[in-house]
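Only one structure is covered here, and it is reproduced in the block below.
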Protein chains: 2
Amino acid sequence: MAAAVRTSVWLDGKTARSRKADQPAGGLDREKITDATVRLLDSEGLAKFSMRRLAAALGVTAMSVYWYVDTKDDLLELALDQVMGELDLPDESVDAWRDEIRHLAVSYRKVLVGHPWISPLVGEFLNVGPHATAFSAAVLNVMTRTGLPPHGQAGGIASVFQFVYGFGTVEGHFRDRCARAGMTQDEYFRHAMSAVSRNADTKANIERSRAMMEARGGETVEDMRDRDFEFALELLIAGIEAMREHTS
Amino acid sequence: MAAAVRTSVWLDGKTARSRKADQPAGGLDREKITDATVRLLDSEGLAKFSMRRLAAALGVTAMSVYWYVDTKDDLLELALDQVMGELDLPDESVDAWRDEIRHLAVSYRKVLVGHPWISPLVGEFLNVGPHATAFSAAVLNVMTRTGLPPHGQAGGIASVFQFVYGFGTVEGHFRDRCARAGMTQDEYFRHAMSAVSRNADTKANIERSRAMMEARGGETVEDMRDRDFEFALELLIAGIEAMREHTS
DNA sequence: ACCTGAACACCGTTCAAGT
DNA sequence: ACCTGAACACCGTTCAAGT
């Protein structure tokens, strides 16, 4: 019975149909379908994506896609791993673990913000496609070189990359929301702030956080977020350094 | 035009219809609807929740709910803030910021894992309901007492609570997935591990991470995760301590 | 004031049929 | 081998109508 549980396209999905070499192009294949899926998800978002819209974009009937893919979820897993391929993995170096962590974190943030639809998918699927696997390997590799004790390395990975996941998710959603409302991030931010200030419950909070915002500085929403991200990342690296001696 | 942008039920949604005091109960109201929504989301998950199922659970026609709520999204915001009320906010104490952070982080994790459907909603909505606001206030408050320089306090908040968000999201989804497959977490974990080991791409990674897993110890999936969470949290606190002297 | 029913424009997926 | 068409069991939401 355990064998009947579906885990992931990558583990028990059907493999890609190999295109006949002599085929005059024109026809579908898994790659074309995945490309079109990513394009649609980037432009319209996860909520508006459907098998029927995808089929229309491919100039084909709704059911054709099912020849290449078992379910919508399998297709989303394929799209997810495709954009995970945009992650820029550092060359292995012997000693520069701090720079490698910064590099991986910055790159992961960029992918999350550039393709906000992946956030729920990262949470939902096992995320074991080839690109996700390469990323995991790079993360694992750098963590073994930090000097953290072995029993803390998984926790170290979690602290850095779950932080980036959370940060990138919220950032990506906010950008998306602004774009959908037809406003810049700064316009939307001002609009929300003034709505919040008019509300009795939230008003006090805003006033308390204003001091914090002013201390942080930054002209735009984007500036503020960059500063927060950078500070948090240095905090995490300092945390790793502090925990290196720590046993049990 | 900016005024036409919908931000949140809490800011520009219609307010709750006040129930007539003399009404013989039996009738609907916003509270009953929100309670039923949370119950359904807990038992069936976000994907299966629908206005029609909710109406059926309330013994009422699909459209009745729309008398109390503008859209499904508004209802989800109400449900989200309701479970945010389960967060256990610490009493303000003068000096014990470390314990307060631990307390808030543990409580937030618990809510995320107990109601996995909130993760996408936290990302999607502004999250400015009364309970979410109280939580933000508590977080803000404790961060000002860490000794972090003002320009780093927003980054400090992000590092801790985006980490918890990411961690709790993945943990909650995994538990959900196991329950839906009718397996315990340990059964599902073994199943996925063996599937991953059979796959050429992911096999090498597994072997590399096995050493890390053994060092960490722990009998069950849940044990392992608790250890990782605790280590990561101490790492974050150590990071805050290290950044206290840090200016710009 | 509160609730219903029919309707519109959608979904993912199955299944039998075409070429 | 690949693609289509019709059908099933769903969605959120509008709108006019009932009590």
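It should be emphasised that the depicted structure is a prediction, and the values quoted were computed from it without experimental measurement. The chains referred to below are lettered A, B, ... by the order of the sequence lines, with proteins before strands, and numbering in each begins at 1.
- Here D:dG12 sits opposite C:dC8 as a Watson-Crick or G-U wobble pair (both hydrogen-bonding atom distances under 3.5 Å).
- Between A:Phe174 and A:Tyr188, the distance separating the two ring centers is shorter than 6.0 angstrom.
- Note on B:Ser64: a base of the nucleic acid sits closer than 4.0 angstrom, heavy atoms only.
- Both A:Lys72 and B:Ala62 lie close to DNA chain C; mapped to their nearest nucleotides by heavy-atom distance, the more 5′-ward contact belongs to B:Ala62.
- Per the geometry, OH belonging to B:Tyr68 stands 12 Å off P belonging to C:dA1, to the nearest Å.
- Tested against A:Asp74, the residues A:Arg6, A:Arg30, A:Lys14 include a single salt bridge (Lys or Arg N to Asp or Glu O under 4.0 Å) partner, A:Arg6.
- The separation between B:Asp70 atom CG and D:dT13 atom C1' is 12 Å, rounded to whole Å.
- Heavy-atom contacts from other residues, nucleotides or ligands closer than 6.0 Å to CD of B:Glu207 number more than 12.
- In a base pair of the Watson-Crick type (N1 to N3 plus N6-O4 or O6-N4) or a G-U wobble (N1-O2 and O6-N3), with each distance short of 3.5 Å, D:dC3 is matched with no nucleotide.
- If you take CH2 of B:Trp67 and P of D:dT14, they are 14 Å apart, rounded to a whole angstrom.
- Heavy-atom minimum distance, B:Gln185 versus B:Glu222: NE2-OE1, 3.2 Å.
- Aromatic ring centres of A:Phe163 and A:Phe229 lie closer together than 6.0 Å.
- Distances shorter than 4.0 Å separate none of the side-chain N or O atoms of A:Thr61 from OP1 or OP2 on D:dC3.
- When heavy atoms are screened at a 4.0 angstrom cut-off, A:Met51 is found touching the sugar-phosphate backbone but no base atom.
- Here the P atom of nucleotide C:dA7 and the CE atom of B:Met63 are 15 Å apart, to the nearest Å.
- Look at CZ on B:Phe49: it is 15 Å from C1' on D:dC10, rounded to the nearest Å.
- Regarding B:Leu54, its CG atom lies at a distance of 17 Å from the P atom of D:dC10, rounded to whole Å.
- Computed from coordinates, the B:Lys32 NZ to C:dC3 P distance equals 10 Å when rounded to whole Å.
- Whole-Å rounding puts the B:Ile33 CD1 to C:dC3 C1' distance at 12 Å.
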